[in-house]
Amino acid sequence: MSTTSWEMVVGLEVHVQLKTRTKAFCACSTNFGDPPNQNTCPVCLALPGALPVLNARAVELAVRAAMALGCTVHPRSVFARKNYFYPDLPKGYQISQAEFPVATGGRVELPEGGAIGITRLHMEEDAGKSIHDRFVGMTAIDLNRSGMPLIEIVGEPEIRSSAQAGAYLRALREILLFAGVSDCSMEEGSLRVDANVSARPMGEPKFRNRTEIKNLNSFSNVERALELEFARHVATYEAGGTIQQQTMLFDALKGEVRAARSKEGSHDYRYFPEPDLPPLLLATEWLEAQRAAVPELPAARRARFLSAFALGEKEAQALTTEVETAVYFEAVAAASGDGKAAANWVLGEVSGALNAGGGRIDEFPISAKRLAALIALVKEGGVSSTAAKTLFHAMRTDHGEPRAIAEREGLLQVGDDSALIGWIDEVLAELPDEAARFAAGEKKLQGVLVGAVMKKSKGRADPKKVNQLLAARAT
Ligand code: ADP
Ligand code: MG
Ligand code: ZN
């Protein structure tokens, strides 16, 4: 048994598809899921003589992403050709930024504390897609994705555990979602991760050789693959072996990481400046305008929720993982004037309903305004908190005003003395033993009796009044 303890070193490369209507260098649609090869033209099919024209919106979104990540945006960047052969790469090169990327530096703060540095952020285009499981014995090529606008975010090798890699990715995704630059959907391929990992003895100053795991299609798979690959490095070193720089593939079904091809050094790509595109020059005023247009980011929104609505850290965190949730919550809080109640409803009933039935919060059948009206109805004593939950579910299919629905469904709280006394008398008659002991001074039975009245009234009795009426009967 070795006594060396090993440290995991991870650096992530994240490819993010920008949320544009058209591709990076042509006017083809970026719509996901269209029939194969429908969204193609001479430019993205690489027909001879076709020339790229840079999509201004893609530049805006790339710059906005860079600003949201605290990067330094460079007023001059250069597109280059990254040459390699692949069947789904008709040009034989990808237009990317190499020596002069649009942004460098930057960092992602982790919720647990600390931050991971960003080395660079550059613009590039996507390749097409090879489909191996459509026809037996053949590979199909879909070029709809060819020329989609991407940014690649290269992270510093500062991540030290698989859990930290997951935390980094979640924090990064949140920022990009709030900045509105991408859908960040791993299922649709608009966020893709390559994970670089190496192992070194704890305290050894130099990094050892890394391997790069491609094709990771979920954050949990990133974490699983890192653990497996790290274990392989450690086992190799402990057996006296060495690790070669190499590209690996993760097989989620088999739960294994295996070698793909040996990794090319970057010189193999024969980068050279793209002759069909001039350098990208960004004017100072334009950059200032972009900075002003960066939407409020998750950390700022969280801090604001904490102070404006007196929420706990956990609640503020949960309400800011998705922009739509944050927007919905804020609308409920503003309309009801009660942030705490708004948070309870959004994280409780609303999230529960969405988790169970699917759907998006921005299309939830109970609008923020109607939920606020429900909160107001509870506060003024119109419905009990139990009845409010029943009313909430009724409101999912009935689009009327909460009070009208409550009235029709018999959910309005009853505070009328004669009705309450009627229920109390029934309960006391049904529970003669408890009634006698309560009358003789056993005060702790009051709770039991109130509970029975609430049940008898199907949650409609005003518990405060029931308590008062019952207390008056004890001697
Ligand atoms: P390449 O073009 O070869 O992919 P990049 O510089 O684009 O190289 O990306 C290298 C990635 O690998 C970065 O995310 C970096 O943090 C990470 N990395 C570099 N060295 C190591 C190492 N020894 N162990 C783990 N990750 C590393
Ligand atoms: Mg790279
Ligand atoms: Zn095209």
Side-chain angles (χ1 to χ4, degrees), residues 6-15 20-31 34 37-47 50-55 58 80 82 84 90-91 94-99 101 104 106-108 116-122 124-128 142-149 151-162 164-165 168-169 172 192-200 204-214 216 222 225-226 229-230 233-234 237 243-248 260-269 271:
W6 295 87
E7 182 174 50
M8 183 190 283
V9 175
V10 173
L12 300 178
E13 296 166 73
V14 180
H15 294 264
T20 57
R21 218 167 32 75
T22 58
K23 292 186 181 181
F25 302 112
C26 61
C28 289
S29 166
T30 54
N31 198 37
D34 282 343
N37 299 305
Q38 176 177 299
N39 301 327
T40 53
C41 74
V43 174
C44 54
L45 290 174
L47 301 190
L51 290 172
V53 176
L54 181 57
N55 182 337
K82 179 181 183 178
Y84 61 98
K91 286 203 294 278
Q94 226 176 333
I95 301 179
S96 181
Q97 296 184 315
E99 205 180 341
T104 51
R107 58 201 263 125
V108 172
I116 303 299
I118 289 170
T119 316
R120 54 185 274 144
L121 181 153
H122 64 254
E124 60 183 30
E125 61 175 333
D126 210 344
D142 178 6
L143 294 174
N144 281 351
R145 214 177 64 179
S146 162
M148 292 284 204
I151 47 175
E152 178 175 347
I153 301 161
V154 181
E156 289 288 314
E158 293 175 349
I159 295 169
R160 292 293 175 267
S161 70
S162 59
Q164 203 179 32
Y168 167 78
L169 288 170
L172 176 65
R192 304 199 292 268
V193 180
D194 298 338
N196 299 271
V197 58
S198 64
R200 64 176 171 180
E204 187 176 282
K206 276 183 63 173
F207 291 146
R208 296 198 174 186
N209 279 346
R210 66 181 151 112
T211 51
E212 179 175 6
I213 315 162
K214 299 245 183 208
L216 294 165
V222 172
L226 284 174
E229 187 58 359
F230 173 66
H233 284 220
V234 170
Y237 290 134
I243 292 285
Q244 299 302 321
Q245 183 164 322
Q246 202 178 17
T247 301
M248 314 293 293
R261 55 194 153 88
S262 61
K263 173 88 178 154
E264 318 84 350
S266 61
H267 61 277
D268 286 337
Y269 290 124
Y271 280 106

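Both ligands and their constituent atoms are indexed starting at 1 by order of listing.
The shortest distance between side-chain heavy atoms of Ser198 and Val9 falls below 4.5 Å. Taking the side chain as every heavy atom from C-beta outward, Thr40 and Asn144 approach each other to under 4.5 Å. Asp194 has its side chain out of reach of Leu216: every pair of non-hydrogen atoms, C-beta onward, lies at least 4.5 Å apart.
In this structure, a donor-acceptor pair under 3.5 Å is present between the side chains of Thr119 and Glu156. Side chains of Gln244 and Asn209: no donor on one and acceptor on the other come within 3.5 Å.
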TODO: Check the pair Glu212 / Met248 against side-chain contact (heavy atoms from CB on, under 4.5 Å), numbers first and verdict last.
DONE: CA-CA 6 Å; Glu212 179 175 6; Met248 314 293 293; over 6 Å; no

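Residue contacts with ligand 1: Gln245 is placed with no nitrogen or oxygen under 3.5 Å of a nitrogen or oxygen of the ligand (distance criterion only). For a threshold of 3.5 Å applied to N or O pairs, the pair formed by Glu13 and ligand 1 contains at least one separation below that value. Inclusion of Pro157 in the set of residues having an N or O under 3.5 Å from an N or O of ligand 1 is warranted.
The side-chain hydrogen bond (donor to acceptor under 3.5 Å, both in side chains) test with Glu125 singles out one residue from Lys91, Gln94, Lys23, and that residue is Lys91.
Close approach to Gly155 involves these atoms of ligand 1, each under 4.0 Å from a residue heavy atom: 13 (C), 14 (O), 15 (C), 16 (O). Close contacts of ligand 1 with Phe207, meaning ligand atoms under 4.0 Å from a residue heavy atom, involve 23 (N). Atoms of ligand 1 lying under 4.0 Å from any heavy atom of Val9, numbered from 1 in the order shown and given with element: 24 (N), 25 (C). Interface atoms of ligand 1 facing Arg208, defined by a heavy-atom separation under 4.0 Å, are 23 (N). In the vicinity of Leu12, heavy-atom distances shorter than 4.0 Å reach the ligand 1 atoms 14 (O). Below 4.0 Å from some heavy atom of Gly11 lie the following atoms of ligand 1, by number and element: 14 (O), 16 (O), 17 (C), 26 (N).
Looking at Asn209 against ligand 1, nothing comes within 4.0 Å, counting heavy atoms.
The angle that Cys41 SG and Cys28 SG make at the Zn ion (ligand 3), rounded to 10°, works out to 100°.
The heavy atom nearest to atom 6 (O) of ligand 1, considering only Val154, Ile153, Thr247, is found in Val154. Of the candidates Glu156, Glu158, Arg210, the one placing a heavy atom closest to atom 18 (N) of ligand 1 is Arg210.
Although no hydrogens or angles enter the test, the distance criterion places a donor-acceptor pair under 3.5 Å between the side chain of Arg120 and the main chain of Ala98.
Around atom CD of Glu99, no more than 12 heavy atoms belonging to other residues, nucleotides or ligands sit under 6.0 Å away.
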